[in-house]
Amino acid sequence: MARLAGEETMDGQGGRPATAGATPARRASFGGKQQLSERVAAYVREGIMVGQFPAGEFVRTEHLAEELGVSQTPVREGLMILHSEGSVRWEPRRGYRVVPITGRDVRDLFDVQAYIAGELAGRAATRLDEAELDRLDEIQSRLAEAERAGDTELVDSLNHEIHRTINKVSGSLRMASLLNLTVSYVPLRFFGKIEGWASASAHDHSAVFAALRARDADAARAAMAEHIRHIGELLVDHLARQGILS
């Protein structure tokens, strides 16, 4: 049973993807600041993206509540959140049916992310000082080492720190918050087993860092957007191979 309690955090980082057709061996942790219903929504949202909840099937409120060790109220509220997003569809007297995901759906999400992340990088290019740039270079060196060693969890952690630093330095809190909203729609916790993901994190950043060093906002914006779209295509390819896309 995947209990929604514990000390880990569900921050969209550091996990590994499940294969389609099997129930992922993962524990959802529901401590922290998010409302329980939001965490249920996040659990199901990610489950849809990795094939735990197949398209066209119904998500049974009572079964999910039992699986997660919570009452049916936050489960219903979480499913209502997903209904408002279009991830599931409420059918009277039947329940919540999973809406199919298409490659266009995934690309649309990453196009939005690419625009916002690119803009944040462009703004950060004129605000990062030399000490911060040196620190990013050091983190990137550690990331490249982790990629060579096949340590995807460390790659994920260091990648998160790089993007967090750039976004924070941009001085655009509300825009960064919008980026976080879009990120919640994709299973970032499961990127570790997506073919090419760790390599992209190790190599795509070089163009971003060069632009930041040059204080070239336009180049930083373009390099970051290209990196995000590349990640999106890797996810599309992965989901297609798993038979999850419609």
Side-chain angles (χ1 to χ4, degrees), residues 7-20 24-29 32 42-43 45-47 49-52 106-107 109-110 113-114 116-118 120-121 124 128 132-170 176 179-180 182-213 220 222-242 244:
E7 297 179 354
E8 299 175 1
T9 59
M10 290 185 63
D11 62 355
Q13 302 295 329
R16 301 189 176 190
T19 56
R26 55 189 179 98
R27 290 179 61 83
S29 171
Y43 179 82
R45 188 187 294 118
E46 290 185 350
M49 290 292 284
V50 299
Q52 181 183 359
V106 179
R107 291 187 179 95
L109 287 172
F110 276 88
Q113 288 183 37
I116 300 175
L120 292 171
L128 283 160
E132 289 166 327
L133 288 168
D134 289 343
R135 175 174 171 272
L136 286 174
D137 282 341
E138 188 274 332
I139 297 172
Q140 182 65 20
S141 294
R142 292 168 57 201
L143 188 154
E145 275 185 35
E147 188 269 334
R148 289 191 292 270
D151 189 344
T152 56
E153 289 191 8
L154 183 55
V155 170
D156 183 50
S157 176
L158 296 171
N159 180 68
H160 174 69
E161 179 61 18
I162 288 169
H163 286 273
R164 187 193 70 83
T165 298
I166 293 171
N167 295 344
K168 184 177 180 180
V169 172
S170 73
L179 179 61
N180 286 336
T182 67
V183 167
S184 71
Y185 284 86
V186 295
L188 298 185
R189 293 175 65 245
F190 304 96
F191 271 13
K193 285 187 178 178
I194 295 176
E195 184 176 349
W197 171 81
S199 177
S201 296
H203 300 292
D204 288 3
H205 290 165
S206 59
V208 177
F209 284 11
L212 294 175
R213 281 281 182 189
M224 181 63 80
E226 182 177 353
H227 168 52
I228 299 300
R229 290 194 178 96
H230 181 197
I231 296 297
E233 286 302 317
L234 293 176
L235 179 58
V236 169
D237 291 344
H238 175 80
L239 296 176
R241 287 194 299 269
Q242 298 298 318
I244 293 171

Within 6.0 Å of CD in E226, more than 12 heavy atoms from elsewhere: no
Sequence-distant partners of R213, side chain to side chain donor-acceptor pair (under 3.5 Å), two or more places apart: E130, D134, D137
Nearest-0.5 Å distance, CD1 of residue I194 to CD of residue Q242: 9.5 Å
Separation between CD1 of I244 and NE2 of H238, rounded to the nearest 0.5 Å: 6.0 Å
4.5 Å side-chain heavy-atom contact, D237 and E195: no
Side chain to side chain contact (heavy atoms under 4.5 Å, CB included) between E233 and R107, worked out: CA-CA 7 Å; E233 286 302 317; R107 291 187 179 95; 2.7 Å; yes
Pairing residues for H230 by the ring-ring contact (aromatic ring centres under 6.0 Å, His included) criterion, not counting sequence neighbours: none
Nearest atoms (heavy-atom pairs only) where N159 meets S201: OD1-OG, 3.7 Å
Closest non-hydrogen atom pair, A114 against R229: CB-CG, 3.7 Å
Between Q52 and Y43, a side-chain donor and acceptor under 3.5 Å: yes
Non-hydrogen side-chain atoms of L120 and I116 separated by less than 4.5 Å: yes
Side-chain (N167) to main-chain (H163) donor-acceptor, under 3.5 angstrom: yes
Donor-acceptor contact below 3.5 Å, side chain S199 vs main chain G196: no
Residue pair A202 / L143: nearest heavy atoms and the distance that separates them: CA-CD2, 3.4 Å
Atom pair CG/CD of L133 and E138 - distance to nearest 0.5 Å: 13.5 Å
Side chain to side chain contact (heavy atoms under 4.5 Å, CB included) assessment of F110 paired with V236: CA-CA 10 Å; F110 276 88; V236 169; over 6 Å; no
Close side-chain approach of I166 and L212, heavy atoms under 4.5 Å: yes
Donor-acceptor under 3.5 Å (E147 side chain, T152 main chain): no
CD1 on I228 to CD on Q113, rounded to 0.5 Å: 6.5 Å
Value rounded to 0.5 Å, distance of CG in L154 from CD in E145: 9.0 Å
From L128 atom CG to F209 atom CZ, the distance as rounded to the nearest 0.5 Å: 9.5 Å
Parallel, tilted or perpendicular: rings of H205 and H227 (30°, 60°): perpendicular
